[in-house]
Amino acid sequence: MDKFLFEHLELYLAGQLGDRQRREFEERLEANPTDRREIECMAAVSGMFEGFRLPAGSEPGPLPGFHVRVLRHIRDRRPVSFWDALCRPLVLRRAGLAACAWLFAVAAAGLYQASAQPMPEQIARSVLAQAPESADYCNVRLGCDIDLNRSTMLAVVIEAGAGRW
């Protein structure tokens, strides 16, 4: 459609174009029969809307309570934000229970690990209290002196345990 016709179409259909613009509009319609047929159809449809008349004293508008229903519908359809979902009591309760379960699991793992590994003092007592299992203790790397071997092993165990604890 011609740009001038398109820009002035509403004013032409409403009958609000000035004389000079209306003449130019009609001249362009005569020059372009395709646009003329299209605008005649639009004028016919526009004339149909003039046939709608409201009874005297009645004003178009929504019924009472319409706005409340629309607002309630919008509120119900609104997506739930992250913080609204997070602050619901059920979510907070589940998060609290999950945190307690995690703390329980960490504490149980720590206690198990502490009881599963022998303490350096226990190792030292067992080294000092027990005699060698075989009489072939001269094959020990440090020599045949059992007291020297025990003292050296005790020092190594205590030193290894000190860095870990």
Side-chain angles (χ1 to χ4, degrees), residues 1-127 153-165:
M1 181 179 284
D2 184 12
K3 185 177 179 181
F4 179 81
L5 295 175
F6 183 75
E7 289 176 356
H8 294 88
L9 177 64
E10 291 293 325
L11 294 175
Y12 177 76
L13 292 175
Q16 297 175 351
L17 277 179
D19 290 337
R20 186 179 59 79
Q21 288 178 335
R22 186 176 47 79
R23 264 186 274 119
E24 183 180 353
F25 193 88
E26 289 173 352
E27 287 172 3
R28 289 183 185 233
L29 281 180
E30 292 298 324
N32 192 343
T34 312
D35 288 345
R36 183 179 64 235
R37 279 192 300 270
E38 190 175 339
I39 290 177
E40 285 173 355
C41 289
M42 288 182 190
V45 171
S46 179
M48 289 181 197
F49 287 110
E50 292 177 5
F52 294 124
R53 300 283 182 227
L54 294 173
S58 68
E59 293 186 22
L63 297 173
F66 173 75
H67 299 291
V68 174
R69 288 192 308 269
V70 168
L71 291 176
R72 188 177 303 136
H73 182 73
I74 290 171
R75 186 189 66 223
D76 293 343
R77 292 286 183 151
R78 183 184 71 158
V80 177
S81 73
F82 172 76
W83 294 110
D84 287 344
L86 184 66
C87 292
R88 290 186 178 161
L90 184 62
V91 174
L92 291 176
R93 189 176 306 133
R94 286 181 180 174
L97 287 174
C100 289
W102 183 79
L103 287 174
F104 177 75
V106 168
L111 288 174
Y112 174 74
Q113 185 178 13
S115 67
Q117 294 180 354
M119 303 292 257
E121 295 86 17
Q122 293 171 347
I123 295 172
R125 273 194 225 113
S126 68
V127 168
M153 285 191 280
L154 182 59
V156 170
V157 168
I158 289 175
E159 186 64 31
R164 196 167 21 138
W165 303 105

So, taking the atom named CG in Leu29 and the one named CZ in Arg36, what distance separates them when rounded to the nearest 0.5 Å? 7.5 Å
Any chance you could measure Asp35, atom CG, to Met42, atom CE, to the nearest 0.5 Å? 9.0 Å
Roughly how far apart are Ile39 CD1 and Glu26 CD, rounded to 0.5 Å? 10.5 Å
Ala31 versus Pro33, closest heavy-atom pair with distance: O-CD, 3.6 Å
Quick one: are Phe25 and Leu11 in side-chain contact, heavy atoms under 4.5 Å? no
Does a side-chain heavy-atom distance below 4.5 Å link Tyr12 with Gln21? no
Counting distance only, does the side-chain N/O of His8 pair as donor-acceptor with the main-chain N or O of Phe4 below 3.5 Å? yes
Value for CG (Leu17) from CZ (Arg23), rounded to nearest 0.5 Å, stands at 11.5 Å
Quick one: do Arg28 and Glu24 make a salt bridge, cutoff under 4.0 Å? yes
